[in-house]
Each structure stands twice: as structure tokens, then as C-alpha cells.
Number of protein chains: 2
Amino acid sequence: MDSMIRQFYEIPGKVVALQPGEYLFHEGDHAKYFYFVRSGQIFITKFAESGRVLSLRLATRGSIIGELPLYEEVPVYIFNAIAQSPSEVYAIEFSTLHSWLEKKPSLAINLLKIIGMHMRKQHSKFRDLVLYGKKGAIYSTLIRFANSYGQEVDGGILITVPLTNQELANYSATARESLNRMLSDLRRQNVIDIRDGLIFIRDIDFLKQEIQCENCGREICNIE
Amino acid sequence: MDSMIRQFYEIPGKVVALQPGEYLFHEGDHAKYFYFVRSGQIFITKFAESGRVLSLRLATRGSIIGELPLYEEVPVYIFNAIAQSPSEVYAIEFSTLHSWLEKKPSLAINLLKIIGMHMRKQHSKFRDLVLYGKKGAIYSTLIRFANSYGQEVDGGILITVPLTNQELANYSATARESLNRMLSDLRRQNVIDIRDGLIFIRDIDFLKQEIQCENCGREICNIE
DNA sequence: TTAGCCGTGTGACTATTATCACTTACACTT
DNA sequence: AAGTGTAAGTGATAATAGTCACACGGCTAA
């Protein structure tokens, strides 16, 4: 992915630094910039009227953010972007990006590739959720976090991002209690474990099998 | 949308005619062509191992199909495309499309716009489903069909596509019986009606309100 | 004209998931 | 060391959705 975004650095823009918890933008804000992440992690979320939070991505180095309103008549962000850790993003104005895309076909093609990949991610998530219910949503979230932020140790995968049960629940649109019970079950079945507050996946194949994983690869099946 | 795809007609390709029920491609097939629909309607579906069918779109004149494997290393269709009515599609080889995209930036930009729109559609569907459960999925499907195939009559909207309960259920990943009960409830509440086997929506605002519709517009909230 | 098929409708039951209310565990402050 | 706050864990119950079984009606082909 890194090779694909390298080209975007040539486009004039500015660097924005964010502290943990700081918003890059809110949903409903007028959208002026297209971003990609240089360092750190950024939560992409959406609020429901009921007060629930739906988490969609955890963007990291190389991820693009705010691409959705790119060619909208009235460009408005439809998600929130909040720094999880100290982060830096590169901000390019839509108008600047537009003119560069017109001049450089290879840039447009790269963006097509990136957005196409996003489509695939979104579809595979949709599939997991819709066909296998909350179990599908939760197992799929674990697999995606493992693919994006997992570190292989002791024959398992340690998810190196600290996440509360509530945060994990937000990724699968599940009640915290339901998520908690599922994690407890998985722990009892020796599929996962908690190590210093981080999730350690002993048997990722079990998770994949349960949701009939199509093994779409780490390029697609991730949370970035 | 039609204006956006006009440009694609300049690219050499071939016309493929389909009879109702005929497959344009199956999921898992090696993907060679990018299509757009000239006439008729095409179901886009996905099969689950359990035998269930998940319906995603009903493509019509101006819709693009098979765009997902565009820049994949091993291009494979991930959905099925089946004609619902006698249809004609225009087929462009990926390799041909690639070279045209490189030569014509405006073509790449148009494709970006179209795919960006698809992303928005997908996100809004995801939201409806995830935040409002099956009710969200079903009401949202009705609204989308109304936006794509609705005809205003008698102060309501008639969905001009004949759909069985099973077909509608496939769009919302719901059991036929559950869908049936929900439709019955809506009928009792005078929100919808059945006219000669077609769904007639009396009170679309009720449906929109129940799923906290963000009024994203017909360009986004449709089933194409 | 009638048997067969298909789609609809519905009751009874089961499974899944959410909600509420509370206890426990742990880190951090004072 | 006690007090406070936050997250985790859990039981009981309610709400939502799926499954199974079957009745009914309309259409069609023999």
C-alpha cells in the first residue's frame, strides 16, 4: 500500500499533528481536505442518534481518510476521524487533488486501485455481518485487527492495539455485554486469551472457519 | 449517471444479450470483462454455503457491473450477475479499459466518481443494517427500490419491479417468514399495500423516519 | 376439471442478541 | 490505606429474528 500512496506526497499539502482523542473532522463537517496518515492511528467512527457509536476503521500509516466526499456537489464528511494515538496526517485540498488527478492519469489510477480495495473490504465486512450475525461481526473484527495490528508470538497472534470491550463492541455494532460473553466463550474454548490487556489469538483458524472465511488476503481483510 | 457512462461507449467492446435467468457471470469465475448495462435488469447476488442467497443490487440501464476485480492480481468475480428481464450489457475487456484509463484522465476521473458513489451506497446500506437490524435492512431495501424503480401514483409510490417475498428477503438477508410478517405489519399500519403483486408504498416517510434516514438523496440511496 | 406447483400467510417454538441491574477487579489519587 | 473511577464480568429477563410445519389460494398443464 505504501508504494501506492508515495505519489501523493508530491502534491502540495500540509502536515497536521493530532493528540490522542483529538478530532481530525466530525461527521457533517464541510469537507475540504483529503488526508492520508503519516504516523499514528486514527479511529473512523459514526454516531447513531441513540447514542451508540459505530466504529469502521482504525487507519494507520498509508491509509487514506476522507476520500468519500471527493467528487460530491456539497462535500460533507460522513464519518468522524479521531486520533487514537499521537498522529500525523498529510492534508491535500480537494481542489488541488482534482487538478492533479486531471494532469496525472497514473495518480487517478492509483486512487482507483485504493478505492477499489476499500470497496472490497467493505463488501467482505458486509458479508461477514449479514451472513453470520453478531458472531460474524465480532470474529471478523478480531481477524481484521490481527491482520492489521497482529504480531506473531508463541504460535499465536497478539493484537498490539489496546482496545476496551466497549471499543471492540463498537466495531461490531454489538452490546458490550454480548461482546464480553463471546470473548469469555472464546477464552474458555482456548481460542483467545488476554495478555496485559491485549488480545492474544491462539487459534485464528477457528475464527476463520466459523465465519466461512474466504481467505481474501491481508490486503482486503483488515481494519485500515 | 447516464452522462457519466456515455464516455465508456467510445471504448471498443461487445454487446452481450441475456435472457431472464441467464447468468452473465458466477462468483469465482475468472474475471475478464467490465460491463455496463444498456437495457434490462440484472440481479447482483452472492451465495452463502448454507444455501442462502444474499442479493445486493438490481442493476439497470447505466449501472456498471463487475468493476470490483478491475485492478486485482488474480481477477475473480466475487458476485453473481443474473438477468432478471431480457437485458443487454456492453462488455469491455479489463486490458482495454486499463489502456484507455491511462490515456484518458477524464475517463479515470469519471470511473472514480462512479465508484465513489458505489462506496457511499454501500456505506449507507451498512449503516441501515447494522444500526437498525432487520427492520433497518428491510425498510432500507423498500426505500431503495422505491428510489430506483418507483413510480408516483395516487399519492404513493408503486415499485414497478415484480418481487417475490423470497427475493425481497434476500436483499435484507432475512428469513422469508420474517420479511412476510414485517410486510404484513406495514400493511396493517397502512404504510404499504400490494397491488397486482407489486408493492405500493403509501407512506415512505414512515419508513424513512423509522430508520433515521439521513436523506442522502436518490443518487446514493438506491438499489442500482 | 383436477392434480400439482408455487408463493403467501401464520402459529408454535427455538435461538440469538439486547437491556437492566448489579458485583468484582484494578489502577490511580489523596 | 481508603476512596474513587473505570472497565470487566454475569445473572435474569425481554425483545428480536429464525426455523419448522402446515394451510390456503391461484395458476397451469394434462
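Order of the sequence lines fixes the chain letters, A, B, ..., with proteins taken first and strands second; residue numbering starts at 1 for each chain.
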[X] [atom1] - [N] [atom2] separation (whole Å):
X: A/Arg195; N: D/dA8; atom1: CZ; atom2: P; result: 19 Å
X: A/Ile192; N: D/dG9; atom1: CD1; atom2: C1'; result: 14 Å
X: A/Lys134; N: D/dT16; atom1: NZ; atom2: P; result: 13 Å
X: A/Asn170; N: D/dA7; atom1: CG; atom2: P; result: 12 Å
X: A/Arg181; N: C/dA18; atom1: CZ; atom2: P; result: 10 Å

Ignoring the backbone of [X], work out which of [options] is nearest its side chain.
X: A/Ser178; options: D/dG18, D/dT10, C/dT17; answer: C/dT17
X: A/Thr174; options: C/dA18, D/dG11, D/dT19; answer: C/dA18
X: A/Met182; options: D/dA8, C/dT17, C/dG9; answer: C/dT17
X: A/Glu177; options: D/dG18, D/dC20, C/dT19; answer: C/dT19

Hey, is the side chain of [X] poking within less than 4.0 Å of OP1 or OP2 on [N], counting only N and O atoms?
X: B/Thr164; N: C/dG7; answer: no
X: A/Ser184; N: D/dT10; answer: yes
X: A/Asn165; N: D/dA8; answer: yes
X: B/Arg187; N: C/dG9; answer: yes
X: A/Lys135; N: C/dT17; answer: no
X: B/Asn180; N: C/dG9; answer: yes

By the 4.0 Å heavy-atom rule, please label B/Ala169 as base, sugar-phosphate, or nothing.
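Nothing, no heavy atom under 4.0 Å.
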
Can you name the closest pair of heavy atoms from B/Leu198 and B/Ile159 and give their distance?
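Nearest heavy atoms, B/Leu198 then B/Ile159: CB-O, 3.5 Å.
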
Under the criterion side-chain hydrogen bond (donor to acceptor under 3.5 Å, both in side chains), I'd like the reasoning laid out for A/Ser140 against A/Arg144: C-alpha separation, chi angles, the key distance, then a yes or no.
CA-CA 6 Å; A/Ser140 155; A/Arg144 282 165 209 278; 2.9 Å; yes

How about B/Tyr171 and B/Phe145: are their ring centres within less than 6.0 Å of each other?
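Yes, they do, as the ring centres are separated by less than 6.0 Å.
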
